[in-house]
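One structure is given here, and the rest of the page talks about it.
Lettering follows sequence order; numbering is per chain, from 1.
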There are 2 protein chains.
Amino acid sequence: MRLVIARCSVDYAGRLTAHLPLANRLLMVKADGSVLVHSDGGSYKPLNWMSPPAKLTVGAPDESAAEVGVVEVWTVQSAKTDDRLIVNIHEVMHDSNHELGVDPGLVKDGVEAHLQKLLAEQVNRLGEGWSLVRREYMTAIGPVDLLVKDASGGSVAVEIKRRGEIDGVEQLTRYLELMNRDPLLSPVAGIYAAQEIKPQARVLAEDRGIRCVILDYDEMRGLDDVEHRLF
Amino acid sequence: MRLVIARCSVDYAGRLTAHLPLANRLLMVKADGSVLVHSDGGSYKPLNWMSPPAKLTVGAPDESAAEVGVVEVWTVQSAKTDDRLIVNIHEVMHDSNHELGVDPGLVKDGVEAHLQKLLAEQVNRLGEGWSLVRREYMTAIGPVDLLVKDASGGSVAVEIKRRGEIDGVEQLTRYLELMNRDPLLSPVAGIYAAQEIKPQARVLAEDRGIRCVILDYDEMRGLDDVEHRLF
DNA sequence: ACTTCGATTTCGCTA
DNA sequence: TAGCGAAGTCGAAGT
C-alpha cells in the first residue's frame, strides 16, 4: 500500500462526472490498483475513488497544466469499464510504501440472520402458545422469513428486518397475496418484525392489516444466553 | 490526519460485534476523531471503522494482553452512542501526522435529479405531442417525478430511476392507485423511465399496464447541449 | 456468471 | 432536526 499526502485536484469521469478542487488530501493506492482520495473528515467514504481492478499510470503534466503548477498527473483507469480518475498533483508532502499482506477478514455477529434465528427460537414473543412451522418458508416468489402458527392454528407469515422500511411491507404484502391464494394455507395473517419501524412503513403495514412488532435485540440475545446456560 | 501502519487486532462492539484477527493494516485517524482500519485490498469501505464524532484514547495493555504481545491499546469511543472500537497494537511500522485543512468538497453531475431535469425538457421522448404538467407533482404519499399529458390530453405519471428495479414499480403503482381515485385526474396512465430496467421490474410493470421507457443519458445530454448552443 | 438483498451502510434533501 | 430516498453504493449468498 502506497500512501501519498499531496495538494491536488481530482476529476472522475465514468458513470457520472465529478470534480474536486485543489486541496491537501490523502491518496491511498492499494495493491489491487484501486485508489482512494480521503480528506481529514467525513465518514469512511472517500471523497473520490477508483474501484479495483484498476491500473495507475503516473505521467508528466502537459504544458498548460504545468503552467498552473501541476507537477505530476495520475491516471487511474478501471480495468473493466471506461471509468477514469485523474489526479493533478501540485505538491507532494509525503510518500511512503508498506507491505501489508492479505487480510484474514472480518468476523461478524448480530445482523438480520441472527435476529431471524433468535425469533425462530422465541416465537412466543409474537403471542402466547404460538409455534414455528419453518424458517425461510419457500414460495414461488421467494422465501418468507418465518412461517408460524398462532394459538388457534392459524398461519402467520413473518417478515424480519433490522430496520423496518416501506419496501419490507411491500415484500410481505406480495407474499401474503400469493399465500392467501393457496387454499391449504389461507387465511394467512402477516407480522412485520424489526428492531425499529419507520412511521410511514408502520402506517402502510397497519393499513393493510399487518401487525407490527418491535424486536429488542439485547433482550432476545440475553434470553438466548440464559437458555444456553441452562443446558 | 494521523497515519499508522501496524500489526494489530480489532474488536468492534455496538450495533453488532465484529472481530479482526491479527494482521498488518493501515489505521487512519481523522481530525474529527473517526478511525478507519484499511487493508491492502477490497473496495473503498474499511474493514472496520468508527464514525465521527468519536474520541481516541491510547492506553497501556493489561497484563494478559501484554503477555501475548500487545504494546498499545487504542479505545475509540463514539461521542453519541455507546459504540466502541478497540485496537490491540502489536507492532508499529509507521506513524506520521499531516495537516490537511478543510476540504472544499465534491461537485457532482449526472445523477437522477439530472435525468429528471433532462426528461422534463424532452417530454417528446415519451410520445409525439406530449407536454409537461409539473416536475415533482405532489400527492398525499409523496411527489411523483413527472406529471405529463399525452397528445390527446390524458394524464400520465412518470417515475424516473437511474436503474429501474422492482421497488420503483411499487412506488409508481402506489401513486397511480391514489391519483386514479381523484376524479379530476383520472384516468392516469403510468410510465417507468430509467437508463436500465431489470427484467423482473419490467415484467411486473407491464403486468400492471405500466409502460417501460429506456433513457439514453448521453443522447439526452447531447441534445441538451445542442439546444443550449442554439441559444 | 448473474441476481437478489442486506448494510455498523453513508449522503443529501426536504418538511 | 428527523425522515426518507438514492448511491459511481459494496459485498455476500444463493441460483
Measure all distances between protein nitrogen or oxygen atoms and nitrogen or oxygen atoms of nucleotides 4-6 of chain D, and list the pairs falling under 3.5 Å.
| unit_1 | atom_1 | unit_2 | atom_2 | d |
| --- | --- | --- | --- | --- |
| D/dC4 | OP1 | A/Gln200 | N | 3.3 |
| D/dA6 | OP1 | B/Glu112 | OE1 | 3.4 |
| D/dA6 | OP1 | B/Lys161 | NZ | 2.3 |
| D/dA6 | OP2 | B/Lys161 | NZ | 2.8 |

Short N/O separations, protein against nucleotides 11-14 of chain C, under 3.5 angstrom:
| unit_1 | atom_1 | unit_2 | atom_2 | d |
| --- | --- | --- | --- | --- |
| C/dC11 | OP1 | A/Ser43 | OG | 2.8 |
| C/dC11 | OP2 | A/Ser43 | OG | 3.1 |

Nucleotide N/O of nucleotides 12-15 of chain D paired with protein N/O under 3.5 Å:
none

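In terms of the side-chain hydrogen bond (donor to acceptor under 3.5 Å, both in side chains) criterion, residue partners of B/Arg208 (sequence neighbours excluded) are, by chain and number, B/Glu170, B/Thr173. A/Ser43 pairs by the side-chain hydrogen bond (donor to acceptor under 3.5 Å, both in side chains) definition with nothing, not counting sequence neighbours. Applying the side-chain hydrogen bond (donor to acceptor under 3.5 Å, both in side chains) criterion to A/Tyr12, with sequence neighbours excluded, gives A/Asp83. Qualifying ring-ring contact (aromatic ring centres under 6.0 Å, His included) partners for A/His98, counting only residues two or more places apart in sequence or in other chains: B/His94. Listed by chain and residue number, B/Tyr44 satisfy the ring-ring contact (aromatic ring centres under 6.0 Å, His included) test with A/Trp49 (two or more places apart in sequence, or in another chain). Judged as a side-chain hydrogen bond (donor to acceptor under 3.5 Å, both in side chains), and not counting sequence neighbours, A/Glu177 has no contacts. Residues that satisfy the side-chain contact (heavy atoms from CB on, under 4.5 Å) test with B/Asp62, not counting sequence neighbours, are B/Ser64, B/Ala65.
What separates CD of B/Glu136 from P of C/dA15 is a distance of 9 Å, to the nearest Å. In this structure, A/Met50 atom CE and D/dC10 atom C1' are separated by 15 Å, rounded to whole Å. The separation between B/Leu16 atom CG and C/dG6 atom P is 16 Å, rounded to whole Å. Rounded to whole angstrom, the span from the CG atom of B/Leu47 across to the C1' atom of D/dG11 amounts to 13 Å.
Paired regions of DNA chain D, where each region holds three or more successive Watson-Crick or G-U pairs whose two hydrogen-bonding distances fall under 3.5 Å, are C:1-7 with D:9-15, C:9-15 with D:1-7.
Applying the salt bridge (charged side-chain N to carboxylate O under 4.0 Å, His left out) test to every pair with at least one member in residues 32-43 of chain B, sequence neighbours left out, gives no pairs at all.
Here B/Ser51 lies in heavy-atom contact (under 4.0 Å) with sugar-phosphate atoms only.
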